[in-house]
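Each ligand, and each atom within it, is numbered from 1 in the order the structure gives.
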Amino acid sequence: MNFMTEKHDPSSSPLDLDNIRRTLTRLEDTIIFLLIERAQFAHNPRMYSKDGFADVLHRDGFSGSLLEWMLKETETMHAKMRRYESPDEYPFTPRDQLPAAILAPLNYPPLLVNPAAINVNRDIQRFYLDSIVPAITRTVTDRLGKEDDDGNYGSGCTRDIECLQAISRRIHCGMFVSESKFLSAPSSFIPHILTPNPSALEALITKPAVEAALLVRLEKKARWYGAELGPDGEPLVGDGARREKVSPEEVVRLYREYVIPLTKVVEVEYLLHRLDGLSQAEIDELARRG
Ligand SMILES: C=C(O[C@@H]1C=C(C(=O)O)C=C[C@H]1O)C(=O)O
């Protein structure tokens, strides 16, 4: 399901900024619960090593990690179901390695201009594996008291793929945010696109109050969603309170250090390509809008 069809307010445009922000807010819930699911299993670093399952995967003609193999297999099936024709879905597998859809294309409204140039999934995969998975699986790993491996490779990779796909959708939604902001004041953006000025563009798209409110909301959600409730229905406190659940601090760190900055990278990168292929007359017309 993507926000193209989600009906927050049927009378509003898909590019209405409040509409898009409601989708980003809903994705907070999705990401928190998916992280909690991944945190049930150990780190299992063998899944991320190119040598971890080389013997098995070579027989399948694949050279890479178990996670990369499962990503490609999963995305191959999803591509056949036209998932990556949706303007808010971006594959981790290079598109030229994915098959054509077997279903007829859906007619999405052409809301974005020149989105094809953008895909930050390599950055997402890197920070997720290097910085997030080790942190959220530490409780199980410590409980195991051994080389952070519980053998749950299929479950671990499945949960990882769900987390990666949700985080990717959230970050690439930055393009819709950017298009919405651009259309609300094209003449503010156009000079910094024609003479590329990423810093000026980042200053224009950055909304500190929105970011601050998001982090406060996120901490509260993570504290409640991961809480163990006592017989009275209130969250338990102390050691037994959050068995193998993700700490609110980790969720806030994920957004503060990675999700928000990378969303802004996508917003700026989208703007830098926004006028590609437009004639001077088309640019002048946009500037006249205000
Ligand atoms: C997504 C937006 O753009 C920027 C990025 C934000 C984020 O990633 O949460 C929040 C506010 C802005 O700094 C927005 O304005 O809502």
Side-chain angles (χ1 to χ4, degrees), residues 2-4 6 8-9 12-35 86-90 111-115 118-128 131-132 163-190 192-193 197-223 225 246 248-274 290:
N2 64 64
F3 88 90
M4 306 286 296
E6 272 183 8
H8 298 296
D9 170 1
S12 69
S13 149
L15 282 179
D16 172 83
L17 189 51
D18 287 339
N19 214 15
I20 301 170
R21 285 176 171 161
R22 276 190 289 273
T23 294
L24 294 178
T25 301
R26 187 185 54 72
L27 279 169
E28 293 165 9
D29 308 338
T30 303
I31 289 168
I32 291 170
F33 281 116
L34 289 174
L35 290 171
S86 170
D88 64 341
E89 293 282 359
Y90 294 80
L111 299 174
L112 298 179
V113 177
N114 303 322
I118 298 167
N119 183 317
V120 296
N121 281 339
R122 280 282 155 260
D123 298 316
I124 293 171
Q125 186 168 330
R126 184 179 308 111
F127 78 64
Y128 175 77
S131 180
I132 304 304
C163 288
L164 286 166
Q165 289 176 329
I167 293 168
S168 175
R169 274 175 43 224
R170 193 290 177 185
I171 288 173
H172 288 98
C173 262
M175 286 188 250
F176 294 96
V177 171
S178 243
E179 180 63 21
S180 178
K181 291 175 178 175
F182 174 84
L183 291 179
S184 66
S187 54
S188 303
F189 294 94
I190 288 171
H192 305 306
I193 298 172
N197 186 337
S199 303
L201 292 173
E202 180 171 2
L204 285 169
I205 58 101
T206 295
K207 308 297 175 195
V210 174
E211 293 182 25
L214 179 157
L215 294 175
V216 169
R217 178 177 66 242
L218 203 64
E219 199 275 342
K220 288 186 167 68
K221 283 183 174 181
R223 194 162 296 288
Y225 295 173
V246 180
E249 294 72 25
E250 274 308 315
V251 176
V252 171
R253 184 176 73 89
L254 164 66
Y255 268 71
R256 186 182 61 245
E257 294 184 12
Y258 300 106
V259 172
I260 293 173
L262 204 45
T263 300
K264 296 203 277 189
V265 165
V266 166
E267 291 187 54
V268 170
E269 193 62 25
Y270 176 82
L271 288 167
L272 289 170
H273 290 278
R274 179 59 178 77

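- Contacts between I205 and ligand 1, counted as non-hydrogen atom pairs separated by less than 4.0 Å, involve the backbone only.
- Residue-ligand proximity, V177 to ligand 1, at heavy-atom distances under 4.0 Å covers atoms 1 (C), 2 (C), 3 (O), 14 (C).
- Here D29 does not pair with R26 in a salt bridge; the nearest charged N to carboxylate O distance is not below 4.0 Å.
- Annotation for L215 and Y255: closest pair CD2-CB, 4.0 Å, computed over non-hydrogen atoms.
- Of all atoms in ligand 1, listed by their number and element, those nearer than 4.0 Å to a heavy atom of E267 are 1 (C), 2 (C), 3 (O), 4 (C), 5 (C).
- Two residues are said to be in side-chain contact when any heavy atoms from C-beta on lie closer than 4.5 Å; R170 and L24 meet this criterion.
- Residue contacts with ligand 1 for I260 involve both N, CA, C or O and side-chain atoms from C-beta outward (heavy atoms, distance under 4.0 Å).
- Within the 4.5 Å cutoff, side-chain heavy atoms of C163 are placed close to those of L35.
- Not a single heavy atom of E28 sits under 4.0 Å from any atom of ligand 1.
- R274 places none of its side-chain heavy atoms less than 4.5 Å from the side chain of M175.
- The contact set between ligand 1 and K181, taken as ligand atoms under 4.0 Å from a residue heavy atom, comprises 2 (C), 3 (O), 4 (C), 14 (C), 15 (O).
- Using a 4.0 Å cut-off to heavy atoms of K264, the atoms of ligand 1 that qualify are 5 (C), 13 (O).
- The two residues P248 and A222 make their nearest non-hydrogen contact at CA-CB, 3.7 Å.
- Applying the 4.0 Å criterion to heavy atoms of E211 picks out, from ligand 1, the atoms 10 (C), 11 (C), 12 (C), 13 (O).
- Annotation: atom 9 (O) of ligand 1 to nearest protein heavy atom, R170 NH2, 2.7 Å.
- In the vicinity of T263, heavy-atom distances shorter than 4.0 Å reach the ligand 1 atoms 8 (O).
- Considering backbone and side-chain N/O atoms, R21 comes within less than 3.5 Å of an N/O atom of ligand 1.
- Distances below 4.0 Å separate heavy atoms of L214 from the following atoms of ligand 1: 9 (O).
- To the nearest 0.5 Å, atoms CG (L262) and CD (E257) are separated by 13.0 Å.
- Every N/O-N/O distance between T206 and ligand 1 stays at or above 3.5 Å.
- Ring orientation note: the planes of F33 and Y225 are close to parallel, at an angle under 30° on the 30°/60° scale.
- Checking R253 against S131 by side-chain atom types alone, a donor-acceptor pair falls below 3.5 Å.
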